[in-house]
Protein chains: 2
Amino acid sequence: MVRKTKEEAEVTRRHIIEAARRIFLECGVGRTSLEKIAAAAGVTRGAVYWHFKNKMELFFAMREEATLPLLDRVVFDEGDDDPLGGIERALLAIIHTLIDEPQTRETFEILIFKCEYVDELSPMMACTPGQFDFLQQLTDAYARAANKGQLRAVATPEAMAYDTFLFVGGLVRQWLSGAPDQRFRSGASAFIRSHIALRRA
Amino acid sequence: MVRKTKEEAEVTRRHIIEAARRIFLECGVGRTSLEKIAAAAGVTRGAVYWHFKNKMELFFAMREEATLPLLDRVVFDEGDDDPLGGIERALLAIIHTLIDEPQTRETFEILIFKCEYVDELSPMMACTPGQFDFLQQLTDAYARAANKGQLRAVATPEAMAYDTFLFVGGLVRQWLSGAPDQRFRSGASAFIRSHIALRRA
DNA sequence: GTATTTACATACATTCATGATTGTATAAAC
DNA sequence: GTTTATACAATCATGAATGTATGTAAATAC
């Protein structure tokens, strides 16, 4: 056994996380054994157990590497003089993140389709704090848009924020589902623009 | 062994399906053993294997009992002289189905949160034919609403249908997630009305 | 009334997956 | 330069879940 330096150990840790993401995506979290992950990472289970207490801890480690930069990274500029356009750009940016960052896309696909929300994961069914923050930022942005007269007065900024929030949730899910006809992927930008157009004054 | 009549056998078959739904919901499909289901149904694994080839066949049997009557049951009256109001009523009806029919609600909660879309289930990630049909019916209903001058002209009926489809998907998911603050459940009707108000002329 | 199926229960064999333990060669600490 | 902690590999014991095979008593067919 050739003992590794700290840097090398960090590399194998990342290899394990990457392998876990691949196998989770292919087999589902529940059906993935640590043996499979280890093999995919080119190590033995011993290495996996050295770096992670068990499968769940590995799962959370994978999640923390890629979950933050989707909704959480969305920024709404308070000084924007086109707040409604800013919302549209933010939604488009979310889709482009899915396109540009494979590990984020794969992680979300795992979170939505490849794991069961039971026991420790059960509380994660509901919105994460980051999602609530996104909802709050949407509300604030719509309020600024209303102040600038950009919105129809048929619904409150809060109601519009909820509508957009639910729309985005549905869109991301369908986008990730990889429907054979690709209709949600090819149409995503148009759906977003229509969604925004519906509330423009 | 007291052999059962055909009617009694059908009863135990239903007991098994009901037990499966309960345990799937509690433990997730992957972590549910047929032994647990059998115990919950008051039978042995022998009975389960008699009625179903394996866990997946039982899963599909459970699904077929309750999945049809949600989106698939939605009806849009072609002769309605308030098509937009008809869409709103249809969306409200979906939520009320979730409230009124526990087994439908539980089945959808299992399908969304308690199973992994892998192997045989992988194709089910995408929209089912019933969902596409719902989308098509939405498009037709919006087209009728447009013909009656009920809609703003900022988006096509098709675009509005997609927007509503994605909104409903997001809403059902959040509704089922059982967020601790219940905000999506208590606000569902208001969200639906706002959603419709946004496209009314 | 006999034969045959049915509707299960029981028992068995096999296959993973897990967690713990132990071994070990080297990097790092002193 | 010795000691110790590190970064794994290898082995082991255990348990859980599955599918199958067999048993069986009563319902049903004839």
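Labels below follow one simple rule: chain letters A, B, ... track the order of the sequence lines, proteins then strands, and each chain is numbered from 1.
- Partners of B:Asp119 by salt bridge (charged side-chain N to carboxylate O under 4.0 Å, His left out), not counting sequence neighbours, listed by chain and number: A:Arg31.
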Trace of the salt bridge (charged side-chain N to carboxylate O under 4.0 Å, His left out) decision for B:Arg21 with B:Glu106 = CA-CA 7 Å; B:Arg21 194 182 330 107; B:Glu106 289 169 9; 3.7 Å; yes
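- Side-chain N/O atoms of A:Thr12 include none lying less than 4.0 angstrom from OP1 or OP2 on D:dA7.
- A heavy atom lying under 4.0 Å from DNA chain D marks the following residues of residues 34-60 of chain A, by number: A:Val43, A:Thr44, A:Gly46, A:Ala47, A:Trp50, A:His51.
- In this structure, B:Phe191 has its ring center closer than 6.0 angstrom to the ring center of A:Tyr162.
- With sequence neighbours excluded, the residues that form a salt bridge (charged side-chain N to carboxylate O under 4.0 Å, His left out) with A:Asp80 are A:Arg89.
- There is no side-chain donor-acceptor pair under 3.5 Å between A:Tyr142 and A:Thr156.
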